[in-house]
Amino acid sequence: MARHLITSAIPYINGIKHLGNLIGSQLPADLFARYQRARGHEVLFLCATDEHGTPAELAAAKAGQPVAQYCAEMHELQSKIAAGFRLSFDHFGRSSSAQNHRLTQHFAGRLAEAGLIREVAEKQMYSPTDGRYLPDRYIEGTCPNCGFEDARGDQCDNCTKQLDPTDLINPRSTISGATDLEERETKHLYLAQSQMRDQLQAWIDSKTDWPILTTSIAKKWLNDGDGLQDRGITRDLDWGIPVRKGTELWPGMEDKVFYVWFDAPIEYIAAAQEWQDAGKGSDWERWWRTDKGAQDVTYTQFMGKDNVPFHTLSFPATILGSGEPWKLVDYIKSFNYLNYDGGQFSTSRGRGVFMDQALEILPADYWRWWLLSNAPESSDAEFTWDLFQANTNKDLADVLGNFVSRVTKFCRSKFGETVPEGGAWGDQEEALIKELDNRLRAYEGFMESMEVRKAAAELRAIWVAGNEYLQSAAPWSTFKENQQQSGAQTRLALNLIRFYAVVSSPFIPDAAAAMMSAMKTQDASWPQDVKAALGALPAGHAFEVPEVTFRKITDDEREEWKMRFAGKRD
RNA sequence: GGGCCUGUAGCUCAAUUGGUUAGAGCAGAGCGCUCAUAACGCUUUGGUUGGGGGUUCGAGUCCCUCCGGGCCUACCA
């Protein structure tokens, strides 16, 4: 039995995520976790909310709440929505946890001892009115290059010139509009990633089987310009993990906190501690310390392409730099973006479908199936309502749902609600078994290598094979002259429903559970031997005709949703 | 500006790393079936692989160039 540690990029606390965020990391991670569990492997699947930083503080202020309370409430909300999508996290943690505080401070201490932290004095814009230092993007002013009046502190949106906030003419705070900004000198800690460049380069170069999206982004950062740059890991904020050198105060850094890019990935480790402390498991180090049992763990990370630099460089630098035997990631599966109907999903403009809204209009399985079978693996992908309706109606309602329906209803009308007896398998049945065996092995291969779209296509072909079999065997015809044979065919078809439930469960867990329940079986064992698996429900076994497994999406609904999600949320 | 990814049938995607006649699903057309959610099955139409040039016995695949789409470029995560 193999052991799989699986993490999904941790979503930012600031609001409800859209479908693009979901398919970018959490959903494919869940698919992989469910598959590995179904194969009987030991899995620890972790995720969390990323709670620190300026956006969280501002969102809390806007909501009129203390930031800690805001984060606690948003965490609960995100947790609830994740459960609605059946994301099977073993633990959904928080980067603000006490465990992460200790661990982040511990790593900083170790890195300092290793000589990988240096102090840098730099100038930052401070807003007395807001009572805070302002990140570049929260400062606007007139572009010195083109005269555009709403240029941001990091870049002018009009002429695209890279800017420094101090370049702006008449700079102002985008939070309060205050113009009394002043430049202050402040000291920050930098992680000396540049010292680890060769080590990181060698590590990345050894990962020849990673998605090209992952390695190309990493290599660009390693080799661009002067090579890998050191990164600031502290900020002048209130909300965050206080800077400490291990458990000791850090002279000169008393009022500062670590920056989210430093503490967020460490939460992957802390989440395992939280998992144990919550009473869900034990011996968390067995998953994370190669000196304490994690040497045989396979660690896989899932993320959108925007997160690749931190997972390929910054976090590995943190782990390697600590000099301690922490588990390094074995495989990074990254995704492109999902667009919405010709443009991008937009949180600020309410364009596109958000996770809470999606669950209001349809069950999770519809979204899971469509998103996964159209995952943006090789390039950005696009969500349109026409495609969504056409694909889900065809795949889920017609091919799979109707199969369940036609088989169970036929059996009920001819043999009653028990698996019929008699008859024997012939050539058609052998051919079906052979095809299913071939396709199942291909499906397993795609799932192992996380080729999500190909896995979905293979699964669909497995469903189609059932319909082809029914058409050629035609138990409704054989019933007229040979009821024994019709019984054998129907018995096989009923067993296909259980078979489909088992192999489909990573994609559509609720429908799979409903199919298992209808077949009144608990036997969810993975079909090692297809022939044996299709005999799991013996003659005489009772079942019931289920409710419609997947109803169709109507044209009226499609048009209504098109309008509703075009922009301006609520 | 620099870099990366991408362009294949009306739509969404494949193509074993240069090897026969470029394949699937959807949509369209025809036929069949009648167990089923007007569902299912079979057959079938459809491509100058964005344009042009080159290397090669052979190019969707490699090189050059032009055109289109997207992303990154380090303080939004």
Side-chain angles (χ1 to χ4, degrees), chain A residues 9-14 21 50 52-56 122 124-125 133-139 152-155 160-162 164-165 188 193 211-213 215-217 219-221 223-225 228-232 235 259-261 264 304-310 313-314 336-337 339 344 347-348 373-374 376-382 384 386-387 390-391 393-414 451 453-454 456-458 460-461 464 466-477 479 486 489-490 493 545 547-552:
Chain A
I10 68 178
Y12 199 65
I13 193 69
N14 184 9
N21 299 125
D50 176 11
H52 297 131
T54 307
E122 55 189 21
Q124 291 274 307
M125 297 300 272
Y133 283 91
L134 296 176
D136 293 356
R137 69 171 330 219
Y138 289 107
I139 302 167
R152 288 194 336 215
D154 50 352
Q155 184 180 39
T160 74
K161 187 178 170 60
Q162 304 281 309
D164 194 88
H188 282 294
Q193 301 183 128
I212 195 162
L213 183 65
T215 51
S216 67
I217 291 174
K219 286 175 181 172
K220 186 221 180 337
W221 283 52
N223 299 312
D224 195 39
L228 188 60
Q229 299 296 298
D230 295 346
R231 292 185 64 90
R235 287 296 181 276
Y259 189 40
V260 282
W261 280 343
K305 59 185 166 185
D306 49 339
N307 269 314
V308 167
F310 312 106
L313 304 168
S314 305
N336 286 286
Y337 291 148
N339 290 319
Q344 296 197 333
T347 303
S348 57
S373 60
N374 292 280
E377 289 180 300
S378 57
S379 64
D380 290 355
E382 174 142 323
T384 67
D386 290 349
L387 274 174
N391 294 160
N393 281 355
K394 190 70 187 172
D395 299 347
L396 298 178
D398 295 347
V399 176
L400 178 62
N402 181 57
F403 178 82
V404 174
S405 196
R406 67 193 294 204
V407 170
T408 53
K409 286 181 180 172
F410 174 77
C411 186
R412 179 173 62 186
S413 72
K414 303 298 186 204
E451 294 183 79
R453 297 177 88 124
K454 288 182 182 175
E458 201 62 47
R460 185 189 190 280
V464 167
N467 283 312
E468 289 170 350
Y469 169 74
L470 278 190
Q471 187 63 34
S472 66
W476 49 90
S477 294
F479 184 81
S486 178
Q489 291 165 340
T490 305
V545 175
E547 297 296 309
V548 167
T549 313
F550 291 100
R551 71 167 185 86
K552 292 203 188 194

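Throughout, protein chains are lettered first and strands after them, A, B, ... in sequence-line order, and every chain is numbered starting at 1.
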Measure the distance between the ring centre of A:Trp476 and the centre of the six-membered base ring of B:C35, then answer whether it is under 5.5 Å with planes under 30°.
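Stacked: centres under 5.5 Å apart, planes under 30°.
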
The side chain of A:Gln124 is closest to which nucleotide in this list: B:C75, B:U37, B:C26?
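The closest nucleotide is B:C75.
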
For the side chain of A:Glu377 and the base of B:C13, is some donor closer than 3.5 Å to an acceptor across the two?
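Check fails, no donor-acceptor contact within cut-off.
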
Donor-acceptor pair (no angle test) under 3.5 Å: A:Asn402 side chain, B:A36 base
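Yes, the side chain and the base share a sub-3.5 Å donor-acceptor pair.
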
Does [X] reach a base, just sugar-phosphate, or nothing at all? Heavy atoms under 4.0 Å.
X        : answer
A:Asp306 : base
A:Val260 : sugar-phosphate
A:Lys414 : nothing
A:Ser413 : nothing
A:Glu122 : base

Could you report the tightest heavy-atom contact between A:Asp306 and A:Tyr337, atom names first, then the distance?
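Residues A:Asp306 and A:Tyr337, closest heavy atoms: CB-OH, 3.2 Å.
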
Give me the atom names and distance for the closest heavy-atom approach of A:Asp230 to A:Gln193.
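Heavy-atom minimum between the residues: OD1-N, 3.1 Å.
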
Figure out the CG/P separation between A:Asn336 and B:C4, and round it to whole Å.
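Interatomic distance, CG of A:Asn336 to P of B:C4: 16 Å.
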
Roughly how many Å apart are B:C4 and B:C76, using the P atom of each and rounding to a whole number?
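Their P atoms lie roughly 24 Å apart.
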
Base-pair string, RNA chain B, Watson-Crick plus G-U, cut-off 3.5 Å on both distances, | for inter-strand, is (((((((..((((.....[...)))).(((((.......))))).....(((((..]....))))))))))))....

Syn or anti conformation of B:U49, syn meaning chi within 90° of 0
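With its glycosidic angle more than 90° from zero, B:U49 counts as anti.
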
Answer with yes or no whether the side chains of A:Lys305 and A:Asn336 bring together a donor and an acceptor at under 3.5 Å.
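A:Asn336 vs A:Lys305: donor-acceptor pair found between side chains.
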
